[in-house]
Chemist: 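This structure is in structure tokens; I'll ask about it shortly.
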Amino acid sequence: MRTGSADGAVVVATWEFGKVCVQAAVAALEKGGTALDAVEQAAWVAEEDGSNASVGYGGNPNSDGVVQVDAAIMWGADHGAGSVAALEGVLHPVSVARRVMEQSSHVMLVGEGARKFAVAQGFEQVELLTPEARERWKKWKKEQGATENHDTIGVVALDGDGNLAASCSTSGAGFKHPGRVGDSPIIGSGLYVDGEVGAAAATGQGEDIMRHCACYAVVAHMARGLAPDEACLETLRYMAQRDPRGADIAIGIVAVDKQGRYAGAGMRKGFPYACGTAGEIQVIQGVWVKEK
Ligand code: ASP
């Protein structure tokens with residue numbers, strides 16, 4: 001179990017590529033931003049990175065060759081949540097999710113409705129499919145492969161005022177069925193925040209995560225007193241017990257609690273996550289349920 005900096009502010013993100021995202025989040029906090037600003041800024045970095053084949057611009061398209069993205073944000077201070085699913089043509093879906101939370105009476109918008117909302121909110125329409133991703137799609141089409149490996153940027157943060165927030169953003173399973181929605185925009189599955197307890201965000205096969213409401217479970221375990229690492233492991237163990245594949249499902253979760261303790265945990269060994277405080281940003285290997 002690790003503990004954050006003295007002022008209590010800490011940001012944790014999924015995967016090694018989460019390191020630059022955490023850097024942006026810590027910079028946002030240092031400029032006086034809240035945990036909500038921090039998790040939004042963190043997701044931006046992955047969303048606009050054209051070399052990241054799993055998130056936003058540059059992400060793998062669906063089977064029709066169209067990039068459809070899922071994103072969500074949650075704010076512990078008022079238990080606010082917003083999300084978008086199967087959204088096309090917007091560079092920063094996490095910010096559309098934030099607008100859904102702050103500027104609409106809804107929590108979730110999908111597909112064309114989400115795109116129209118984004119346009120009405122002033123978001124520019126862009127092409128998210130890069131030439132490289134198009135080539136990968138063409139190759140996949142020729143070979144008629146399965147859906148591809150994928151990742152999500154999932155971020156949790158606690159700011160110096162004790163506010164908790166979480167975000168996640170992904171282009172989902174590569175070459176997925178058009179309209180397929182993963183766990184990331186599902187509140188309680190891809191992310192969850194209880195402002196009095198803690199926050200969690202997940203990555204891995206969305207279908208597996210959402211069948212177990214994984215992030216809600218992690219926060220519920222923290223609410224009954226478990227530290228973040230044990231709360232994640234307890235959730236993963238439960239999933240492995242219920243699933244016929246046991247622990248052979250690829251899932252990673254990051255979590256932080258109100259005290260600033262944080263953790264990352266994978267079903268299998270080898271889930272790296274990034275964490276940062278004002279003083280230090282590092283990539284750490286998460287704890288795990290199964291060795292291999
Ligand atoms: N959870 C995401 C999804 O299923 C992708 C991932 O994190 O691997 O859409």
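Both backbone and side-chain heavy atoms feed into the values below; hydrogens, waters and symmetry mates do not. One-based numbering, in listed order, for ligands and for the atoms of each. Numbers for residues simply follow the sequence, beginning at 1.
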Chemist: Is any N or O atom of D183, backbone or side chain, closer than 3.5 Å to an N or O atom of ligand 1?
Modeler: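 Between D183 and ligand 1, an N or O pair is found under 3.5 Å apart.
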
Chemist: For the residue pair F175 and W140, does the interplanar ring angle fall in the parallel (under 30°), tilted (30 to 60°) or perpendicular (over 60°) class?
Modeler: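 Ring orientation, 0 to 90° scale: parallel.
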
Chemist: Would you indicate whether the side-chain heavy atoms of N163 and L36 approach each other to under 4.5 Å?
Modeler: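 When only atoms from C-beta onward are counted, N163 and L36 do not touch, as no gap falls below 4.5 Å.
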
Chemist: Taking side chain as C-beta onward, heavy atoms only, is T34 less than 4.5 Å from D161?
Modeler: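 The answer is no; the side chains never approach within 4.5 Å.
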
Chemist: Please could you name the atoms of ligand 1 that T152 approaches to less than 4.0 Å, counting only its heavy atoms?
Modeler: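 In order of numbering, the contacting atoms are 1 (N), 2 (C), 5 (C), 6 (C), 7 (O).
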
Chemist: Should V283 and V26 be regarded as members of a common hydrophobic cluster, given that ILVMFWY residues are connected when their side-chain heavy atoms come within less than 4.5 Å of each other, either directly or indirectly?
Modeler: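 No: no chain of side-chain contacts under 4.5 Å links V283 to V26.
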
Chemist: Below 3.5 angstrom, do we get any N/O pair linking D70 and ligand 1?
Modeler: no

Chemist: Among all the protein's non-hydrogen atoms, which is closest to atom 5 (C) of ligand 1, and how far away is it?
Modeler: H150 ND1, 2.9 Å

Chemist: Using a strict threshold of under 4.0 Å (side-chain N to carboxylate O), is an ion pair present between D37 and K31?
Modeler: no

Chemist: Which ligand 1 atoms does T203 reach within 4.0 Å, using its non-hydrogen atoms?
Modeler: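 That gives atoms 6 (C), 7 (O), 8 (O) of ligand 1.
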
Chemist: Does the N or O separation between G204 and ligand 1 drop below 3.5 Å for any pair?
Modeler: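 Among all N and O atoms of G204, at least one is under 3.5 Å from an N or O of ligand 1.
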
Chemist: Less than 3.5 Å between some nitrogen or oxygen of G172 and one of ligand 1, yes or no?
Modeler: no

Chemist: What orientation do W44 and H92 show, parallel under 30°, tilted 30 to 60°, or perpendicular over 60°?
Modeler: parallel

Chemist: Below 4.0 Å, non-hydrogen atoms only: which portion of R180 touches ligand 1? Side chain, backbone, both or neither.
Modeler: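 It is the side chain that gets close, since no backbone atom is under 4.0 Å.
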
